[in-house]
Amino acid sequence: MPDHDRVEGAARNLEGKAKELAGKVTGDQKLRAEGEADQVSGKVQNAVGGLKDTLRDNRN
């Protein structure tokens, strides 16, 4: 089972993509920037979860 951080990170990344797209469509630069930031945050969280998965798998 994947680490909770991986699942949450993937969801944050998708949310960020939606925000960025909405910002592009509406011309809202702040919303677009928030979406881009959410994507970066989600990718980092996903990577941390992947590292936790690797460490857990190596212990077993």
Side-chain angles (χ1 to χ4, degrees):
M1 174 139 174
D3 186 78
H4 176 71
D5 283 324
R6 289 187 72 186
V7 174
E8 192 174 308
R12 182 172 290 162
N13 187 17
L14 286 175
E15 179 183 329
K17 286 181 183 186
K19 274 186 181 180
E20 181 183 9
L21 180 60
K24 284 181 182 178
V25 170
T26 63
D28 186 341
Q29 292 301 317
K30 182 180 176 191
L31 185 60
R32 182 178 176 185
E34 286 176 7
E36 291 172 352
D38 285 348
Q39 288 179 63
V40 170
S41 176
K43 288 176 184 178
V44 168
Q45 189 172 11
N46 193 344
V48 169
L51 181 60
K52 287 180 181 179
D53 283 344
T54 300
L55 293 173
R56 181 178 42 235
D57 291 345
N58 286 340
R59 281 189 285 158
N60 295 329

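Just so you know, these numbers come straight off a predicted model, no measurement behind them. Each residue takes its place number in the sequence, starting with 1.
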S.K.: Tell me, which pairs form a side-chain hydrogen bond (donor to acceptor under 3.5 Å, both in side chains) where one or both residues lie in residues 12-27, sequence neighbours left out?
M.R.: R12-S41, R12-Q45, K19-D38, E20-Q39
S.K.: Which heavy-atom pair separates A22 from L31 by the least distance, and what is that distance?
M.R.: CB-CD2, 3.8 Å
S.K.: With side chain to side chain contact (heavy atoms under 4.5 Å, CB included) as the test, pick out the partner of R6 among D53, V48, L51.
M.R.: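 The passing option is D53.
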S.K.: Could you give the distance from NE2 (H4) to NZ (K52), rounded to the nearest 0.5 Å?
M.R.: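 H4 atom NE2 to K52 atom NZ measures 9.0 Å (nearest 0.5 Å).
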